[in-house]
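Beneath this line is the structure, given in structure tokens, with notes to follow.
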Amino acid sequence: MFVFLKSLSRSVHQEEPELALIKKNIDEGECTSLTVWRKSLVICCNGFTVIDSDGNLVYRVDNYVGSCHELILMDGSGKSIFTMRRRKKLTVADSWHVFEGEVDECSRRKKLSKRPVCYVKKHTMSISSNVLAYVYYGGAPSNKRYAYTVEGSYANRSCKVLDESRRVVAEIKRKEAAIGGVSFGVEVFLLIVHPGFDAAFAMALVLLLDQMFS
């Protein structure tokens, strides 16, 4: 299995409290290129497997249920990084809360006393708009301006995450083989994370886009 993951990688790789979890203090450097495989390494389980340019497993998602209202993004060793929970309120737009780490049963019984890192809301106002989703810091948008927008087409694996200054901080792109330029389709694609943006949070946004638009 990991031989296959390494081959996938080599084919291409030849200011709020919540802000610190999403945005790193890096102003220069190279982009991080990750290969995202829309498949769990666990048998009979839906999920994602993410590898870096050296073929190392960096993130994973193992979803054991069909109808998903909670997602947990883990690192390669299985440690929880972000927990994403769908809001239960009946609204037209699909929306999710993102928490740091894992939200355990105790936290659920206390109505999630843990403060969300951010709130992600699907954009549904206009079919002509290129915007897919808005990202707000904290638990709800209220009157706050969004921190990031996601634009493009997730179905075509062509998306950009932009900050308030319209600067691209992450991108989703189709993956092509190094020889022949053959596309891997929509099950295997690239996540390009620009310097200064957290790669794990970028992957969390990929998971939510998959829920909203798949």
Side-chain angles (χ1 to χ4, degrees), residues 1 4-5 8-9 12 33-51 57-74 80-99 103 116-136 146 148-162 168-176 182-193 197-214:
M1 180 65 75
F4 171 67
L5 294 179
L8 281 179
S9 178
V12 165
S33 182
L34 302 173
T35 297
V36 182
W37 187 22
R38 200 165 174 267
K39 183 178 178 64
S40 170
L41 294 178
V42 179
I43 299 176
C44 299
C45 184
N46 297 319
F48 285 80
T49 300
V50 185
I51 57 175
L57 178 65
V58 288
Y59 305 119
R60 52 183 282 199
V61 178
D62 303 319
N63 181 24
Y64 295 91
V65 296
S67 177
C68 185
H69 295 281
E70 179 177 285
L71 296 167
I72 299 177
L73 175 65
M74 301 177 286
S80 301
I81 304 174
F82 289 113
T83 297
M84 290 138 280
R85 302 201 75 204
R86 181 179 263 128
R87 291 193 71 193
K88 293 182 179 180
K89 290 185 178 181
L90 295 177
T91 58
V92 176
D94 191 11
S95 57
W96 294 70
H97 282 136
V98 180
F99 299 86
V103 179
V117 173
C118 71
Y119 170 85
V120 183
K121 182 179 180 181
K122 180 180 180 180
H123 177 66
T124 58
M125 294 299 292
S126 173
I127 59 174
S128 61
S129 174
N130 194 40
V131 177
L132 299 178
Y134 295 103
V135 181
Y136 302 85
Y146 54 81
Y148 300 96
T149 57
V150 184
E151 300 181 3
S153 171
Y154 181 73
N156 293 321
R157 301 301 188 262
S158 178
C159 303
K160 293 181 179 180
V161 181
L162 302 100
V168 177
V169 296
E171 300 175 78
I172 297 172
K173 295 182 176 181
R174 287 213 178 215
K175 187 179 180 72
E176 295 183 350
V182 178
S183 174
F184 285 91
V186 297
E187 297 301 305
V188 179
F189 53 94
L190 289 176
L191 174 61
I192 310 297
V193 184
F197 197 67
D198 184 63
F201 185 73
M203 186 58 211
L205 293 180
V206 171
L207 301 180
L208 297 184
L209 289 174
D210 193 75
Q211 288 294 313
M212 294 175 179
F213 297 99
S214 293

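Computed over heavy atoms, backbone and side chain alike; hydrogens, waters and symmetry mates excluded. All of these numbers come straight from a predicted model, not from anything done at the bench.
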Taking all non-hydrogen atoms of both residues into account, name the closest pair between [X] and [Y] and its distance.
X: M212; Y: W96; value: CE-CD1, 3.8 Å
X: V120; Y: A133; value: CG1-CB, 4.3 Å
X: S153; Y: L132; value: N-CD1, 4.2 Å
X: L191; Y: A199; value: CD2-O, 4.5 Å
X: I192; Y: S33; value: CD1-OG, 3.4 Å

Mind checking side-chain hydrogen bond (donor to acceptor under 3.5 Å, both in side chains) for E151 and listing every partner two or more places apart, or none if nothing turns up?
->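 Counting only residues at least two positions away or on another chain, E151 forms a side-chain hydrogen bond (donor to acceptor under 3.5 Å, both in side chains) with R166.
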
Taking only residues two or more places apart in sequence, or in another chain, which ones meet S158 in a side-chain hydrogen bond (donor to acceptor under 3.5 Å, both in side chains)?
->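 Expected list: none.
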
Counting only pairs under 3.5 Å, give me each side-chain donor-acceptor contact of residues 200-209, with atom names and distances, residues two or more places apart or in other chains.
none

Inter-residue atom distance D62.CG - L73.CG, 0.5 Å rounding =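 Taking CG in D62 and CG in L73, the distance rounds to 10.5 Å.
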
Measuring from K160:NZ to I172:CD1, what's the distance to the nearest 0.5 Å?
->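 Between atom NZ of K160 and atom CD1 of I172 there are 12.5 Å.
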
Could you tell me if the side chain of [Y] sits less than 4.5 Å from the side chain of [X], heavy atoms only?
X: L190; Y: T35; result: yes
X: Q211; Y: M84; result: no
X: L41; Y: L57; result: yes

Excluding sequence neighbours, so at least two apart, what forms side chain to side chain contact (heavy atoms under 4.5 Å, CB included) with Y134?
->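 Result, side chain to side chain contact (heavy atoms under 4.5 Å, CB included) vs Y134: H123, V131, Y136, Y146, T149.
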
What residues form a side chain to side chain contact (heavy atoms under 4.5 Å, CB included) with D210, not counting sequence neighbours?
->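 Only R38, F48, Y154, R157, S214 meet the side chain to side chain contact (heavy atoms under 4.5 Å, CB included) criterion with D210.
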
Set of residues satisfying salt bridge (Lys or Arg N to Asp or Glu O under 4.0 Å) with respect to K173, sequence neighbours excluded |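 If we apply the salt bridge (Lys or Arg N to Asp or Glu O under 4.0 Å) test to K173, skipping adjacent residues, the hits are E171.
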
Can you list the steps and then say if H97 with T83 is a side-chain contact (heavy atoms from CB on, under 4.5 Å)?
-> CA-CA 8 Å; H97 282 136; T83 297; over 6 Å; no

Of R86, R87, K121, which meets side-chain hydrogen bond (donor to acceptor under 3.5 Å, both in side chains) against D94?
->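 Among the candidates, only R86 passes.
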
